[in-house]
> 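This is the structure I want to talk about, given as structure tokens.
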Amino acid sequence: MIKRKIADLDLRQIAESGQCFRMVQKSEGVYAVSAFEKYLEIEQKGDLFFFSCTEKEFEETWEDYLDLHTDYGAIKKSVDEEDAYLQEAVREGWGIRILRQDLWEMIVTFLVSQNNNISRIRKSIELLCHTIGEEQYTGDGVKYYAFPKPEAVVRAGMEVLSTLGLGYRDKYIFRTAQAVLDGSLDLEMLRAADYETAHRELVKQYGIGKKVADCICLFGLYHIEAFPVDTHVKKILETHYPEGFPHDRYKGYAGILQQYMFYYDLKAAA
DNA sequence: TAACAGGAAGTAC
DNA sequence: GTACTTCCTGTT
């Protein structure tokens, strides 16, 4: 168990921001997350955080996962003071960060996300992990499931995938897993590529369009210049930025601002 | 109940 | 290139 004081971080906001689907609330201020075949519980008390891991694991995995090396205070400060909408969105989602999540997990997750809603996405991903993910235990004996690798997806086959309630998305996942195994989709190449190249390669894949590719670039490759436009963001842009979003002002990190806006819109709808 | 949900593929022009 | 339809299924 280690303790840290961290600014610009709120677990509830991140868990509900639609960028990750395996961070669940255990109790008031306590969240559990499974990523990179590891499991972590975090308790938040204001800007104080308690992590259920060793110093070593924190530095090797979770510090980076939570993007703690990025100065979100500076990003929020850069927001145009005249832009009342964006100011309000940032005030509402002040503790959001872009998690540095696993690429393969994000590919599958955002394939599932298409024409879908958050609660159902969460259930589908959890069922997928429970059904074909590897069963694992923490040092304290807490059981959890790792996210299934491409090998596990191919091994399961369409027979199993089709029972998971994924709808027509099951074949996208199966064929993408096959593509990773046969080398036609090279994850290492994607990790090394710049945003434009990664996006171009991703949309070649069956089931991955422009929007899903942008989500994968933003959440799976940390290309924070990627700016996914879904139906919600499209409406936001039409309503608040009829002249177009000021991409020039926020060149290189517009994706982070997209996340504040998306979360704000989600909260407004609730 | 029928429509909808953080899109993409397939088809028709 | 752009417009339109269809695709699975849990939820409301």
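Proteins come first, then strands; the chains are lettered A, B, ... in the order of their sequence lines, and each starts at number 1.
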> Roughly how many Å is it from CD in A:E126 to P in C:dG10, rounded to a whole number?
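Roughly 17 Å, once rounded to whole Å.
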
> Could you work out which one of C:dC7, B:dG6, C:dT9 sits closest to the side chain of A:R120?
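Of C:dC7, B:dG6, C:dT9, C:dT9 is nearest to the side chain of A:R120.
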
> What interatomic distance, in whole Å, is found between C1' of B:dC4 and the corresponding atom of C:dC8?
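So the two C1' atoms sit 13 Å from each other.
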
> Whole angstroms only, please: what is the CG-P distance between A:L166 and B:dG7?
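Taking CG of A:L166 and P of B:dG7, I get 16 Å after rounding.
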
> With a 4.0 Å cut-off on heavy atoms, is A:G18 in touch with a base, just the backbone sugar-phosphate, or nothing at all?
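Result for A:G18 = base.
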
> So which nucleotide from B:dG6, C:dC8, B:dA8 ends up closest to the side chain of A:R169?
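Nucleotide nearest to A:R169's side chain: C:dC8.
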
> If I pick the C1' atom on B:dT1 and the same atom on C:dG10, what distance separates them, to the nearest angstrom?
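15 Å, rounded to whole Å.
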
> Would you say C:dG10 has OP1 or OP2 under 4.0 Å from some side-chain N or O of A:S119?
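It does not, given that no N or O in the side chain of A:S119 lies less than 4.0 Å from OP1 or OP2 of C:dG10.
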
> Report which part of the nucleic acid A:I118 touches: base, sugar-phosphate, or nothing (heavy-atom distance under 4.0 Å, all strands).
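Here A:I118 touches the bases of the nucleic acid.
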
> Among B:dG7, B:dA5, B:dA9, which is the nearest nucleotide to the side chain of A:Y206?
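Nearest to the side chain of A:Y206 among the choices is B:dA9.
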
> Does a donor on one side chain and an acceptor on the other come within less than 3.5 Å for A:Y85 and A:T239?
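Short answer, no.
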
> Answer with yes or no whether the side chains of A:Y253 and A:T70 bring together a donor and an acceptor at under 3.5 Å.
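No, A:Y253 and A:T70 have no side-chain donor paired with an acceptor closer than 3.5 Å.
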
> Between CD1 of A:I208 and SG of A:C215, what distance do you get to the nearest 0.5 Å?
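Interatomic distance, A:I208 CD1 to A:C215 SG, rounded to 0.5 Å: 11.0 Å.
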
> Look at all strands and tell whether A:Q259 reaches a base, only sugar-phosphate, or nothing, counting heavy atoms closer than 4.0 Å.
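Counting heavy atoms under 4.0 Å across all strands, no contact is made by A:Q259.
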
> In whole Å, what is the span from the OH atom of A:Y168 to the P atom of C:dT5?
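Checked: the OH to P distance equals 16 Å.
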
> Under 4.0 angstrom, heavy atoms only, what part of the nucleic acid is A:G209 near: base, sugar-phosphate, or nothing?
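If one applies the 4.0 Å heavy-atom cut-off, A:G209 turns out to touch the sugar-phosphate alone, with no base involved.
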
> Give one of base, sugar-phosphate or nothing for A:S17, where a contact means two heavy atoms less than 4.0 Å apart.
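Base, at least one base atom sits under 4.0 Å.
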
> Do any side-chain nitrogens or oxygens of A:K234 fall under 4.0 Å of OP1 or OP2 in B:dG6?
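So the side chain of A:K234 is outside the cut-off, no N or O lying under 4.0 Å from OP1 or OP2 of B:dG6.
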
> Can you tell me how far apart CG (A:N116) and CD1 (A:I121) are? Round to the nearest 0.5 Å.
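Separation between the atoms: 5.0 Å.
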
> Taking atom C1' of B:dG6 as reference, at what distance in whole Å does atom NZ of A:K235 sit?
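Going from A:K235 (NZ) to B:dG6 (C1'), I get 11 Å.
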
> Yes or no on side chain to side chain donor-acceptor pair (under 3.5 Å) for A:Y39 and A:D140, after CA distance, side-chain angles and deciding distance?
CA-CA 11 Å; A:Y39 175 89; A:D140 301 330; over 6 Å; no

> Rounded to whole Å, how long is the line connecting atom CG of A:N116 with atom P of C:dT11?
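The answer, rounded to whole Å, is 11 Å.
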
> Let's test your reading of the pairing rules: Watson-Crick or G-U wobble, both distances under 3.5 Å, then write DNA chain B as a dot-bracket string with ( ), [ ], | and dots.
.||||.|||||||

> List in chain and number order the residues that pass salt bridge (charged side-chain N to carboxylate O under 4.0 Å, His left out) with A:E243, two or more places apart in sequence or in another chain; answer none if no residue qualifies.
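Residues passing salt bridge (charged side-chain N to carboxylate O under 4.0 Å, His left out) with A:E243: none at all.
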
> Do the ring planes of A:F21 and A:F110 sit parallel (below 30°), tilted (30 to 60°) or perpendicular (above 60°)?
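If you compare the ring of A:F21 with that of A:F110, the planes turn out perpendicular.
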
> Distance check, P atoms only: C:dT6 and B:dA3, in whole angstrom units.
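The answer is 13 Å between these two P atoms.
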
> Fit a plane to each ring of A:Y168 and A:Y172, take the angle between them on a 0 to 90° scale, and name the class: parallel (under 30°), tilted (30 to 60°) or perpendicular (over 60°).
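Rings of A:Y168 and A:Y172: perpendicular, over 60°.
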
> Using a 4.0 Å heavy-atom cut-off across all strands, classify A:F262 as base, sugar-phosphate, or nothing.
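It contacts base atoms.
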
